[in-house]
Asker: 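Please read through the structure below; I'll follow up with questions.
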Amino acid sequence: MSRLTGGDPSLLRRINSTVVLRSLCADTTTALTLTELGRATGLSRPTVEGVVEGLIEAGLVAEAPDDPADARISRRGRPARRFRFRSEAGHLLGIELGPHRVAAVLADLTGRLVGSTSRQVDEGASADLRLERARATVADLLRRTDIARDSLRAVGVGTPGIVEADGTVRLGTALPGWTGLALGERLRRSFRCPVLVENDANAGVLAEHWKGAARGVDDVVMVLAGLSPGAGSLIGGRLHRGFGGAAGEIGALHLLGREATPERLLSTTDEPLHPLDETAVARVFARARGGDEQAGRAMDRFLARLVHDVAALVLALDPELLVVGGWAAGLDGVLDPLRAELERYCLRPPRVALSLLGDTAVATGALRLALDHVHAELFTVESVDAAHTPDPTQRPPALP
């Protein structure tokens, strides 16, 4: 996939190829004639014809079959040739590496979903075991969809932790053996394409902006609410990672005041909950809804902490929308108290919405990372050398 626009070393040729591809990808349901492509791009017909032939040779464009309706209305021989973008020319993979499961989603070059699967993994699993489970999950998905591994053009990965540009997890306390793990390097051994690793909350907000509750909203914060909440933010439609990739780590805010950890706040005994025990958290919330006073007080303490954490981001970023995801997305009664408390503490409280993607958000966002990377190759005009040598650690801007 390193030569996505053919092998022509001419920068002008690359520009023309990019313009034609953009037009063909603008509406993948409609095939365009050379005349229509010329009208859409402003290029001459001979130029468009030459570019299209080059893209056909590169495997990115194909001639669409004749439409019988066109043949009936045509009075002069064969209808005009029509061309389409070959979305099946490659595939994209999104992977979630979470505390309790690994998940994978597969799509064509337009982001259209081809298949998905997931497997459970123990929260105490070693890094090696978790990565092996991820490889097995991907292999199973490729086998069931009958997609060849070498058709993968980019792989996105969402994981807890602070992630550096090369895919190394600088700090990851949620998963055993994760801190210092060269995750990107380890995964690249399994794929012959770029692998892009991102924090799970950052992947989640990309997913909600693409296909979820934040569609059409460019200033949004998504909180993965849990015992150690994290947040991903879009500012002006662009992902905000911070200087070192640690933006949104609101689970560490309690350290500022040396207050009790969230797992102690939600405990109804003298023993704190396990930091990754989402089932125990759900039981506390269920008991609170059932009228258990002790559980109700624990839930109130947790919501107060969540509001404290979220309000810090809301006050700093002034988002239009706050999306709540993670395990809290499946628990009734979280949104209304959160909304009410934010109105008390924030100068301009944002709209608050539940994630529409649920537990698929992180894998979907990882898929979006892969899609953005391939689209940057296809549609960004750079120097010829850079275009032919894609950097697997590069993080391209998200497209609409």
Side-chain angles (χ1 to χ4, degrees), residues 1-92 106-114 147 151-154 209-211 215-216 218 237 367-384 386-388 390 396-400:
M1 197 64 173
S2 60
R3 295 178 179 268
L4 281 170
T5 55
D8 196 321
S10 165
L11 180 59
L12 180 59
R13 178 78 170 185
R14 179 169 173 80
I15 293 172
N16 291 341
S17 296
T18 298
V19 170
V20 170
L21 275 175
R22 279 190 177 274
S23 296
L24 289 172
C25 290
D27 181 4
T28 56
T29 64
T30 303
L32 300 179
T33 66
L34 294 176
T35 300
E36 290 167 338
L37 282 170
R39 189 180 305 123
T41 61
L43 301 174
S44 68
R45 182 186 174 92
T47 297
V48 170
E49 188 169 14
V51 168
V52 167
E53 291 302 322
L55 291 172
I56 290 175
E57 291 178 10
L60 292 172
V61 170
E63 185 172 351
D66 292 339
D67 186 338
D70 289 340
R72 284 195 300 268
I73 64 175
S74 177
R75 296 182 178 178
R76 295 185 178 179
R78 188 177 183 275
R81 299 166 69 198
R82 292 184 174 274
F83 302 91
R84 65 175 183 86
F85 174 64
R86 292 188 68 243
S87 59
E88 72 277 15
H91 293 87
L92 310 167
L106 188 66
D108 66 17
L109 292 182
T110 65
R112 183 184 65 85
L113 193 65
V114 174
I147 299 298
S151 79
L152 294 176
R153 305 311 184 198
H209 185 254
W210 182 26
K211 292 188 174 185
R215 280 177 292 186
D218 285 343
L367 178 66
R368 181 71 217 202
L369 285 172
L371 180 65
D372 285 344
H373 185 88
V374 170
H375 278 193
E377 278 193 324
L378 285 168
F379 302 136
T380 301
V381 179
E382 301 168 338
S383 68
V384 173
H388 288 177
L399 298 177

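Just so you know, these numbers come straight off a predicted model, no measurement behind them.
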Asker: Any chance you could measure Leu21, atom CG, to Leu37, atom CG, to the nearest 0.5 Å?
Answerer: 10.0 Å
Asker: With sequence neighbours excluded, tell me which residues meet salt bridge (charged side-chain N to carboxylate O under 4.0 Å, His left out) with Glu88.
Answerer: Arg84, Arg86
Asker: Which value, rounded to the nearest 0.5 Å, describes the distance between Leu106 atom CG and Leu367 atom CG?
Answerer: 8.0 Å
Asker: With sequence neighbours excluded, tell me which residues meet salt bridge (charged side-chain N to carboxylate O under 4.0 Å, His left out) with Arg112.
Answerer: Asp108
Asker: Under the criterion side-chain contact (heavy atoms from CB on, under 4.5 Å), I'd like the reasoning laid out for Thr41 against Ser23: C-alpha separation, chi angles, the key distance, then a yes or no.
Answerer: CA-CA 7 Å; Thr41 61; Ser23 296; 3.3 Å; yes
Asker: Do Leu369 and His373 pass the side-chain contact (heavy atoms from CB on, under 4.5 Å) test, and can you show the C-alpha distance, the side-chain angles, and the key distance before you say yes or no?
Answerer: CA-CA 6 Å; Leu369 285 172; His373 185 88; over 6 Å; no
Asker: To the nearest 0.5 angstrom, please state how far the CG atom of Leu55 sits from the CG atom of Leu378.
Answerer: 9.5 Å
Asker: Taking only residues two or more places apart in sequence, or in another chain, which ones meet Ile56 in a side-chain contact (heavy atoms from CB on, under 4.5 Å)?
Answerer: Val52, Glu53, Val61, Phe83
Asker: At what distance, to the nearest 0.5 angstrom, does NE2 of His91 lie from CZ of Arg153?
Answerer: 9.0 Å
Asker: Quick one: side-chain contact (heavy atoms from CB on, under 4.5 Å) partners of Ala26, sequence neighbours excluded?
Answerer: none
Asker: Check Phe85 against Leu60 and note the closest heavy-atom contact, atom names and distance.
Answerer: CD1-O, 3.4 Å
Asker: How would you list, by chain and number, every residue that makes a side-chain contact (heavy atoms from CB on, under 4.5 Å) with Asp218, sequence neighbours excluded?
Answerer: His209
Asker: Quick one: pull up CD in Glu49 and OG1 in Thr35 and give me the separation to the nearest 0.5 Å.
Answerer: 10.0 Å
Asker: On a heavy-atom basis, which atom in Val51 and which in Ser17 lie closest, and how many Å separate them?
Answerer: CG1-CA, 3.6 Å
Asker: Which residues pass the side-chain contact (heavy atoms from CB on, under 4.5 Å) test with Thr30, not counting sequence neighbours?
Answerer: Asp27, Leu32
Asker: With rounding to the nearest 0.5 Å, note down the distance linking CG in Leu43 to CG in Asn16.
Answerer: 5.0 Å
Asker: Can you give me the closest heavy-atom contact between Leu109 and Gly90, atom names plus distance?
Answerer: CG-O, 3.5 Å
Asker: Begin from the C-alpha positions of Lys211 and Arg368 and carry the test side-chain contact (heavy atoms from CB on, under 4.5 Å) through to its verdict.
Answerer: CA-CA 10 Å; Lys211 292 188 174 185; Arg368 181 71 217 202; over 6 Å; no
Asker: Nearest heavy-atom pair of Ser87 and Thr110: which atoms, and what distance?
Answerer: CB-CG2, 3.5 Å
Asker: For Gly59 versus Ala89, what's the shortest heavy-atom pair and its separation?
Answerer: O-CB, 3.4 Å
